[in-house]
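Remarks on the structure that follows.
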Amino acid sequence: MIATLIYIQVKAEFLAEFKAATKKNHENSVREKGNIRFDILQDPLDPCKFVFYEAYETEEAALRHKETEHYSTWRDSVANWMAKPREGVKHMILFPTSN
């Protein structure tokens with residue numbers, strides 16, 4: 001299992017649009033084969049800061065996510081709304097185990 005934390009800082013003037021586009025991406029992503037989690041977290045002290053928690057059964061499933069139409073639409077829509085480039089950090093899931 002693989003998890004990625006994506007750190008995103010959005011420009012304040014695009015906050016509503018970002019959240020709407022992200023909701024659509026989330027709703028489709030959780031339906032993907034191999035998806036375990038696709039959580040969207042918002043910082044309560046800085047509403048323009050987000051962390052995405054994406055967990056997939058395999059690296060291949062995570063790579064397939066980036067080939068989906070909903071991901072491409074989201075990526076292209078939000079690109080200019082970000083205050084800085086998003087940062088993804090991959091992690092291995094230790095617990096819970098898949099047993």
Side-chain angles (χ1 to χ4, degrees):
M1 294 186 292
I2 182 117
T4 304
L5 298 176
I6 297 99
Y7 301 93
I8 298 174
Q9 182 77 39
V10 177
K11 296 174 187 173
E13 62 268 28
F14 297 110
L15 188 56
E17 293 94 333
F18 177 83
K19 287 170 70 173
T22 298
K23 183 176 187 237
K24 287 180 186 177
N25 185 42
H26 161 80
E27 290 170 344
N28 286 291
S29 296
V30 296
R31 295 184 187 114
E32 292 173 23
K33 180 178 168 51
N35 178 267
I36 299 169
R37 304 281 311 186
F38 202 92
D39 300 346
I40 310 300
L41 311 173
Q42 184 178 26
D43 188 324
L45 300 178
D46 182 352
C48 292
K49 281 176 78 175
F50 294 84
V51 176
F52 291 13
Y53 175 78
E54 302 178 8
Y56 287 89
E57 292 175 355
T58 64
E59 181 68 34
E60 292 76 24
L63 291 171
R64 279 194 309 269
H65 165 67
K66 294 194 173 178
E67 297 172 350
T68 63
E69 184 177 338
H70 59 268
Y71 170 76
S72 297
T73 298
W74 175 84
R75 181 197 62 215
D76 295 345
S77 297
V78 304
N80 292 326
W81 301 345
M82 295 190 188
K84 60 183 182 180
R86 67 187 184 280
E87 177 189 3
V89 180
K90 290 188 179 189
H91 296 77
M92 294 183 331
I93 299 173
L94 296 180
F95 307 106
T97 62
S98 60
N99 298 345

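The first residue in the sequence is number 1, and the count goes up from there.
- Residues Phe14 and Ile40 share a hydrophobic cluster, clusters being chains of Ile/Leu/Val/Met/Phe/Trp/Tyr side chains in contact below 4.5 Å.
- Here the CE atom belonging to Met1 is positioned 5.5 Å from the CD1 atom belonging to Ile36, to the nearest 0.5 angstrom.
- Using cut-offs of 30° and 60° on the angle between ring planes, the pair Phe38 and His26 is tilted.
- Applying the side chain to side chain contact (heavy atoms under 4.5 Å, CB included) rule to Lys23 yields the partners Glu27; only residues at least two apart in sequence or on another chain are considered.
- In this structure, Glu32 and His70 have side chains that are in contact, with non-hydrogen atoms separated by less than 4.5 Å.
- Cluster annotation: Phe52 is connected to Val30 through the hydrophobic network of ILVMFWY side chains, with a link wherever side-chain heavy atoms come within less than 4.5 Å.
- Side-chain heavy atoms closer than 4.5 Å link hydrophobic residues (I, L, V, M, F, W, Y) into clusters, and following such links, even through other members, never connects Tyr56 to Ile93.
- Distance check, rounded to the nearest 0.5 Å: OG1 of Thr58 to CD1 of Ile2 gives 9.0 Å.
- Looking only at side-chain heavy atoms (C-beta outward), Val89 and His91 come within less than 4.5 Å of each other.
- Under the 4.5 Å side-chain criterion, counting only non-hydrogen atoms from C-beta, Leu15 is in contact with Lys19.
- Applying the salt bridge (Lys or Arg N to Asp or Glu O under 4.0 Å) definition to pairs two or more places apart or across chains, those involving residues 59-76 are Glu59-Lys90.
- We find the CG-CE distance between Leu94 and Met92 to be 5.5 Å, quoted to the nearest 0.5 Å.
- Closest non-hydrogen pair, Cys48 versus Ala12, comes out as SG-CA, 3.6 Å.
- Heavy-atom minimum distance, Glu13 versus Glu17: O-OE1, 3.6 Å.
- Remark: Asn25 pairs with Ser29 by the side-chain hydrogen bond (donor to acceptor under 3.5 Å, both in side chains) rule, at least two apart or across chains.
- Between the CG atom in Leu41 and the OH atom in Tyr7 there is a gap of 10.0 Å [rounded to 0.5 Å].
- The side-chain heavy atoms of Thr22 and Phe50, taken from C-beta on, include no pair separated by under 4.5 Å.
- Take Tyr71 and apply the ring pair (Phe, Tyr, Trp, His ring centres under 6.0 Å) test, not counting sequence neighbours, and it matches His65.
- Under the salt bridge (charged side-chain N to carboxylate O under 4.0 Å, His left out) criterion, Arg37 pairs with Asp39, sequence neighbours left out.
- The closest side-chain heavy-atom distance from Ile8 to Phe18 is below 4.5 Å.
- Residues that satisfy the side chain to side chain contact (heavy atoms under 4.5 Å, CB included) test with Ala83, not counting sequence neighbours, are Gln9, Lys11.
- Listed here is the closest heavy atom pair of Ala21 and Trp81: CB-CZ3, 4.1 Å.
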